[in-house]
Amino acid sequence: MDRILEKPAEKKQDLFSIAELADEFSISTRTIRFYESKGLIIPDRVGTTRVFRRRDRTRLLLILRGKRLGFSLSEISDYLELYDADNTQATQTQHLLERVNSRLSMLRAQKEDLEIAVKELEAMQEYALQQLEKQTS
DNA sequence: TTTCTCACA
DNA sequence: TGTGAGTA
């Protein structure tokens, strides 16, 4: 009756094996262990076997999203800390706010850089198309 | 199946 | 930033 797994309101569907998560996210179990070795996720253990909870699953989702966006694992690690912040004290919340603001500034600056790069490339594309038209007519 | 470690790209 | 192989 799944006694081992039961905290009161915790159901089996909230627990995942490494193979299940690897399968769900189309990554290898080695990759998940690698992220654990970097401290990005901290699954529980039953004996030596890893048991992943909803929280780990969410973190994995955020890690993969961060990677898609081109962030390094250490940047992603910093980012995940924001989700973990202990906000029981006003000073902690203030600290979180400062870090979120700083992160937002960075991302907005990067976004601006990207928009400039996109415009430059679009201009080059336009120029190349015009040249091509001249050269082929 | 899962774990860990070392070597390797 | 991962993967492969050998191991228990």
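None of the values given here were measured: they were computed from a predicted structure. The sequence lines fix the lettering, A, B, ..., with proteins before strands; numbering per chain opens at 1. Note: hydrogens, waters and symmetry copies are ignored here, and every other heavy atom, side chains too, is used.
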Handout entry: A:R30 side-chain N/O to B:dT1 phosphate OP1/OP2 under 4.0 Å
Key = no
Problem - Interatomic distance where CD1 belongs to A:I18 and C1' belongs to C:dT3 [whole Å] - result: 14 Å
Exercise for the section: Would you tell me if any nitrogen or oxygen in the side chain of A:S28 comes within less than 4.0 Å of OP1 or OP2 on C:dT3? Expected result: yes
Problem - Note, A:V51 side chain near A:R45 side chain (heavy atom, < 4.5 Å) - result: no
Handout entry: Between C:dT1 (C1') and A:R68 (CZ): distance, integer Å
Key = 17 Å
Exercise for the section: Compare all side-chain heavy atoms of A:R57 with those of A:F16 and state whether any distance is below 4.5 angstrom. Expected result: yes
Handout entry: Rounded interatomic separation in angstrom, taking OH from A:Y35 and C1' from B:dC4
Key = 19 Å
Exercise for the section: Establish, with yes or no, whether the OP1 or OP2 oxygen of B:dT2 is under 4.0 angstrom from a side-chain nitrogen or oxygen of A:R50. Expected result: no
Practice task
Spell out, as yes or no, whether a donor-acceptor pair under 3.5 Å connects the side chain of A:S137 to the backbone of A:E133.
Solution key: yes
Exercise for the section: Using both distances under 3.5 Å as the test, list the Watson-Crick or G-U wobble partner of B:dT2, or none. Expected result: C:dA8
Completion exercise
note: A:F34, atom CZ; B:dC4, atom P; distance rounded to Å ~ 15 Å
Practice task
Can you tell me the distance, in whole Å, between the CD1 atom of A:I76 and the P atom of C:dG2?
Solution key: 8 Å
Practice task
Check whether any side-chain nitrogen or oxygen of A:K38 sits under 4.0 Å from OP1 or OP2 of C:dG2, and answer yes or no.
Solution key: no
Problem - For atom CD of A:E36 and atom P of B:dC4, their distance in whole Å - result: 7 Å
Practice task
For A:I63 and C:dT1, give me the distance from atom CD1 to atom P, rounded to whole Å.
Solution key: 12 Å
Exercise for the section: Verify whether one side chain among A:T31 and A:S28 offers a donor that lies under 3.5 Å from an acceptor in the other. Expected result: yes
Completion exercise
Among the nucleotides B:dT2, C:dG2, B:dC4, whichever has the atom closest to the side chain of A:A19 is B:dT2
Handout entry: Check: A:Y127 main-chain N/O paired with A:Q130 side-chain donor or acceptor under 3.5 Å
Key = no
Practice task
Measure from CZ on A:R33 to P on B:dT1 and round the result to the nearest Å.
Solution key: 12 Å
Exercise for the section: Remember a base hit wins even if backbone is also touched, and classify A:T29 as base, sugar-phosphate or nothing at under 4.0 Å, heavy atoms. Expected result: nothing
